[in-house]
Undergrad: 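What follows is a structure written as C-alpha cells; I'll ask about it next.
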Amino acid sequence: MHASRLSKNRRRIGAIALAVIAIGALVRLRSTCEAYGVLAVDVGLNALIVIATAWMVARAEAPRAQTTDSKPTVTRNPQTLGLIGVSAAVLFPLLANMVERRLGEGTGSEIAYMSVLAWGGLVAAIFAKLNRTISMSVVCSGFLTLFTTVTSDHQVAVYYAFLWGLVCLWWLIANHWERVESCQIDTVSSNKIRMPLAIVAGSLVFLVAAWIASGRSVMFNRMQAELMRTSGGTSLSDASARSGVGDGDAVVAARDHAASFGAVETDVFLDSPQPSLFDIFNDTFGAPVRKKKSERAIALEPRGDQSTSSRTAQSNSTTQSFTTHRNDPKRRKPLKDVAANASMYWIGRTGERLATQRYACFDGIEWHQVTIPAQPEIFEHKIGERVWFGSDANNGLALGPFVESIAEAIKFTKFRSNRIPAPAGVEMWHIDKVDQADFFGFSADRCLEMPGRDYVPDYTTVRLVDRSIDLEKLQALTAMCPGVSASEHPSASEHAADAGVQLAKQTVQNWVPNATHKWENVQLVVDRLRSEFAFERTAEVSVAETSGAAENATRATDDDSNVSPLHNFLARRRGNDVMFATAAAVMLREIGFRTRFVTGFYVNPKQHDSLAGQTPITAQDAHAWLEVDVGMETWIPLEPTPGFLQPTYRVSLAYRLRQNAVAIAGGFVGLILAGTCLWLSRAYLFECMCRLISFVLPWVSDRQRVRWLVGVLDRRCRLAGMARPRSIPPREWLLQCSVAQQANWTSALIRFFNEADRLNFGSGAALSAEGRQACSQLWLEVSTFVLRRSKSINLNGGLGC
Amino acid sequence: MLELRTQPETTSEQAIELLRERLNRVLLGKCDKIELVLACLLAQGHLLLDDLPGLGKTTLAKAVALGFGAKFARVQCTPDLLPTDITGFNLFNQKTREFEFHAGPVFSDILLADEINRTTPRTQSALFEAMAERQVTIDGNSRSLSPTFFVIATQNPIDSHGAYPLPEAQLDRFAMRIEIGYPDSTAQLAILGAACGMVSDAVEDSTPLTLETLSRLQQQTARVRVDPRIQRYLIELCEATRKHESIALGVSPRGMLLWQRVAQAWAKLAGRDFVIPADIQAVAIPVLTVRLVSKVKNSGAVVNSILSSIAVPSYQ
C-alpha cells in the first residue's frame, strides 16, 4: 500500500510538472497578443483558485484535532470542496475572458478554451484519484504544448515542447517501464475470426470517418494537396502552394513579403495590368455617369469668380473630384489569389483605413478637392542610422487625441499612383536609403505623396509610425472646441438646394435634436447609419425604386442625371460606402462639424495572412469614408458603412469600467438573482434530476444502486436542513427521521439498509427483489420535502434528529 | 435431566432469544444492559459492573449461570481474602500422605467477584491471571479453567475508603463496564409484584441452554465477518483515542481486539453474520470506558466525541 501510494505520488508530481509546462507554453503564446497586466491577473487568479482548492481539500481530508465536544460536527465533504474548486478553476478562463472582452481586452474564445484545457489538465493531475485521470491530464498537457508550439512562430515555443517531451519521457519510463517489461508476449494464439473482423470493422470506421472529414477540414485539404503540390502562389489561398528557397518560389515569396527587400529584376510574375487609382475607384464604385453635353456647356459669367472657374476645371479632371452619381460597377468575380493580385501589402493593424485622396467640397452630386494653401512642413528625424520624416499635420497639438506610437509598414507591388496611402494618425515615415525630405510632400488635399513621380516605385517599402486615438482626449477636445455653423462650410451655398442634402439635414435633425459639439453626437449619427442603412456596392438606382420625395424629384426633372444619389440613398436606405460617407459628412456638417470625404483603401481583416503577418491590399479593397474635424484641425476618421470595422480607439480600463458600470452592475445583480433563484429552487431541481435518474436505475448494478440511493438520501437530508454528520451511519440517521414522522417508508428503509449492509459489509452478492423494490420506493418517496416535513415534526415534537 | 430437556438442534438465534428472555425476566426493565451482558458473554469477555449495592448484580450473574446450567461461584472480596481463596490450594492429606488439591471458586463456569476493589492487589492479580489465561498455576501445576469461564466483577463507586482501585492493566482485561442503574417505576412495580409471588418463578428451575450451546455461540461469534473497511474504521477510532487530548491512555491492541469481538457479538445478537459500523458504535461506550484513562470525569462524553470525529465507512 505504501509503495503504491509512493508510485502514485511520483506519477502525480510528474503529471503536475507536465501540466505546468503546458500552462507556461500557453501563457507564452497569450503574452504575444494580450496585455501583460491582464494576463498576469488572469493567470494569477486561476493559480490562486487551484492552490486554495488544494489547500482546502488537504485540510478537509486531514484528521481533525480531537475535542471533548460530544456534539457530532457536520463537516464539509472534501469531495464537494474539490468539485467546487475544480469547477471554478476550469471555468474561470471562460469567465475571465468574458469580463476581459467586455473591458476591451482578452482574446478569442479559442484561447479561453485552450486555457480551460490547460487548467483542467492541472487540476486533473492534482486531484486525481485514479491513475487513469492522471494519464488523461498528461494527454491534455501534451496536446496543449504541441498545439501551442505548432501555432506559434516564436522560437521559444519549441523549447517548451522539448522540455515537455523530456519530462514526459522521464515520466513514462518512471511509471510504465515495469509494465512494458512485464508485457512481453509469451505465447501467440491465433484468432481466426476476431482479428479479420476487427480489421474490416476498423477499416470501415476509418473510411467513413475519412469520407465525413473530406472537404470539411482544412487539414484534410492540405493532406490531399500534399499529394500533388503546385509551385508558385501563396499558401493563403492555395493550400497546396509551396514556399521555399532555391527556386522560382523564393522570388515569389520574396516579392510577396512586405518586410523583404525583394530584389526582383523582371516583371515576369506580374501578368496583370497595373490600374491607376482612377481605374480602381471606377472599378469599385462604378464609372461616373457621363454628363450630357448641354449640361457640360456651362456658360460662365464673363466676370465670374476665379475660384469657381478653377473649381469647375478641377471637377472635370478625374483626380480632383469624385462624383457620387455613378453607374453600377461591373460585377467581378472575387479574386482567387488575393496575395498575387495585391497592389500593396500592409503590416500593421487590420481594419485600418489608408487615405489617398480627400475631398472637402460637396455640391450635392460631386465631391471636389479644395486646395489647402498652407502645407505642413516635413521634418527630418535621425533615429540610429535611419532618417525618418515627419510632419505636424495633425499631431502637433498637445491636447490632440493622438497618443502612442505604432510601427506599421506598407509595401507597393502594383500601385500606379504617387500617393502614399497612409492612416490618419501617421506621424513619421521612412523609406530605406531615402534621406532627403524633398522626396515627400503633401498634395493639395493633404495626402502624403512622392511629388514629381508617376507612381511610387514598385517594391518600395514605406515604414510608418502611426498613432492611436485616445477616446477620452477626443471627447474632451470635441467638447472644448466650438461647432462650425453649416453656412460656414465652403460648399454650403452650392449644395444647400439639393434635395438629398435637404433630406439629410432633416434626418439628422430628427436623430440629433440637441446639436451640440459633442463626440457623442458624431457617434450617434455614425451608429444610426451603421444600424439603419444597408450596404450594397451594386445599388441599382431606378426611378421605380425611389419613393416619396425622391419620386417627386425625379418626376420634376425627368432626367436621370439630375436624380440626387444622396436622396436616393436616404430614401432607399441602402447604398455603397461612397453614399454612406457622403451622407454622414453632410449630416455632421449640419450639426456643426467640419467633414471631408476620403477615398483610399481598407485593410480587410479577412485577408490577413497570419503566417506572414501582413495583409494584402487589392483593388477590391478600395473604400470611401469620411473624416471629421473635432476641433483645432484634428481630423478623425469615421466609418459609417456597416460591414467595415470602425476605427479603434484607445480607451483606459477605468473609462471602460465607467462606461460599462451599469452593465457590469446589472450583470452582477442578474448573476446574484439567478444564483438566488437556483439556490432557492435547488431542492426542486435536485428532485427533478432524481426523477430523471430513476428511469436508469433499473439498469445499474446493485452496488451502484445502493451507493446512489445512499448518496441521494444524504443529499436530500442536507437539502432538508438536517445534514447527516459523517460519523453517524445513514441507516440510523434516516431511521430517526422516519420514526419521527411515523412514516410508511420505515419498513422499506429497514429492508433496504439490511440488504445494503449485507451487500457492502457482509457476504451478499446482490440485492433481492424485495431490496430493489425498497430501493425504488425510497428513491421516489423519501423526497427532500418529505424530509423537511419530518424536520418540522422533530422541531415541534422535540425529537433530536 | 435438565440438559436432556434442551433441544440439541436449537438454532443459535433461538438459543439467544431464550437466554435474552430469561434474563429480562430476572432483571426487569434493563433490556439494553442485558443486551450488553449477552454480548460480553458471546465475546468471551469479562464484565465489570460498576454500580451501587442492591441493583441486581448478583441476581443477574446467577441468572446467567442458571441459564446454562453452569457451575456458579461467588467470591466476596474483602481485604483479608488470599489468592489461594480464589484459585484453590494443595492440602497434605495425612492419611494418604499426598497433597490433595482443593479447587477454589475460579474452577467454575461463572464467577461473581463482588466488590473486587475491596481486596488487596495481590488477590486481584491472582484473579486477573485466571481471567486472562483461563488457567491457574498452583505449586507449579497449571490447571485449566472452564472454556466458558466468565467473570462478573462488581465494584462500588461510592465509599472508596479502604478500597484498592483496580490498576489500568487489570481493567484492560475486562471486556466492558456497565452501570446498571436504578430501574424505572414500571420495572420497580414489577419487582415488587414478583417479591409477593405474583409472578411465577418457575423459570428459575429450568435450564434452557447447555454450556455446549454457549460454546457453539461463542465460536460462531468469532466467525462473524468483519469487512476490512470496518476494521479500518475501528483502527481509526482506536488511533483517535490515542491522540485525543482528554485521554491519557488510549486503547491497546488487546482492547481493540476485544472491541472487535464485542462488536461481532453485537452483530450476532442482531441476527447478522457481519459487522456494520453501527455495531462498533453501539458497544463503544461500555468497551472504552473500562480501559480509557480519561483526564476528564465524563469519559462517556469523550467517547462520543471520538465517535463523532471519525466518518463511518461509506457504501461502495
Side-chain angles (χ1 to χ4, degrees), chain A residues 1 60-79 129 701-715 723-736 750 752-765 767 771 775 778, chain B residues 223-247 250 263-264 267-268 270-282 284-285 288 292 294-316:
Chain A
M1 190 175 146
E61 278 177 348
R64 287 171 305 284
Q66 311 295 337
T67 55
T68 49
D69 184 14
S70 63
K71 196 180 150 199
T73 50
V74 181
T75 53
R76 188 57 75 175
N77 192 349
Q79 277 180 354
K129 296 265 185 260
S701 71
D702 283 342
R703 278 181 184 278
Q704 193 89 337
R705 205 182 300 203
V706 167
R707 201 166 62 229
W708 285 11
L709 179 57
V710 173
V712 162
L713 291 176
D714 260 0
R715 174 61 57 187
R724 175 177 71 89
R726 289 169 61 219
S727 59
I728 297 182
R731 178 215 276 273
E732 274 65 27
W733 187 251
L734 284 159
L735 269 177
Q736 281 181 34
I750 293 168
F752 167 73
F753 274 108
N754 281 345
E755 298 255 345
D757 284 336
R758 180 172 301 282
L759 196 65
N760 257 272
F761 305 116
S763 50
L767 290 179
C775 180
L778 292 177
Chain B
R223 286 200 298 273
V224 165
R225 179 184 154 85
V226 187
D227 193 82
R229 277 182 291 144
I230 303 281
Q231 287 175 334
R232 271 200 289 278
Y233 174 57
L234 188 60
I235 292 168
E236 278 179 34
L237 286 171
C238 290
E239 282 177 350
T241 65
R242 292 165 202 159
K243 289 175 194 158
H244 200 283
E245 57 195 11
S246 307
I247 293 174
Q264 282 175 306
K268 181 80 189 160
R272 267 183 278 112
D273 58 353
F274 55 90
V275 175
I276 58 172
D279 297 333
I280 304 274
Q281 295 185 345
I285 289 184
L288 292 184
L292 290 184
S294 174
K295 292 177 189 168
V296 295
K297 192 146 192 179
N298 190 358
S299 53
V302 176
V303 172
N304 275 333
S305 87
I306 290 167
L307 287 180
S308 65
S309 70
I310 305 291
V312 293
S314 54
Y315 289 91
Q316 283 180 3

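Numbered from 1 within each chain, the chains take letters A, B, ... in sequence-line order. Treat the numbers as computed from the prediction; the structure is a model and nothing was measured.
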Undergrad: Is it the backbone or the side chain of P228(B) that comes under 4.5 Å from a heavy atom of chain A, or both, or neither?
TA: neither
Undergrad: Should V312(B) and R724(A) count as side-chain neighbours, where that means a heavy-atom distance under 4.5 Å?
TA: yes
Undergrad: For I230(B), is it the side chain, the backbone, both or neither that has a heavy atom under 4.5 Å from a heavy atom of chain A?
TA: side chain
Undergrad: If you compare all heavy atoms of A278(B) against all heavy atoms of E732(A), which two are closest, and at what distance to 0.1 Å?
TA: CB-OE2, 3.3 Å
Undergrad: Give, as side chain, backbone, both or neither, the part of V275(B) having an atom under 4.5 angstrom from any heavy atom of chain A.
TA: backbone
Undergrad: State the CG-CD1 distance between N754(A) and I276(B), to the nearest 0.5 angstrom.
TA: 8.0 Å
Undergrad: Where is the tightest heavy-atom contact between S314(B) and N760(A), given as atom of each residue plus distance?
TA: O-OD1, 4.3 Å
Undergrad: Heavy-atom cut-off 4.5 Å, strictly under: side chain, backbone, both or neither for Q316(B) against chain A?
TA: both
Undergrad: Can you check whether Y315(B) reaches F761(A) side chain to side chain, under 4.5 Å on heavy atoms?
TA: yes
Undergrad: Over all heavy atoms of both residues, which pair between P729(A) and Q281(B) is shortest? Give the atoms and the distance, please.
TA: CD-OE1, 3.4 Å
Undergrad: Which atoms form the tightest heavy-atom contact between S308(B) and S727(A), and what is the distance?
TA: CA-OG, 3.1 Å
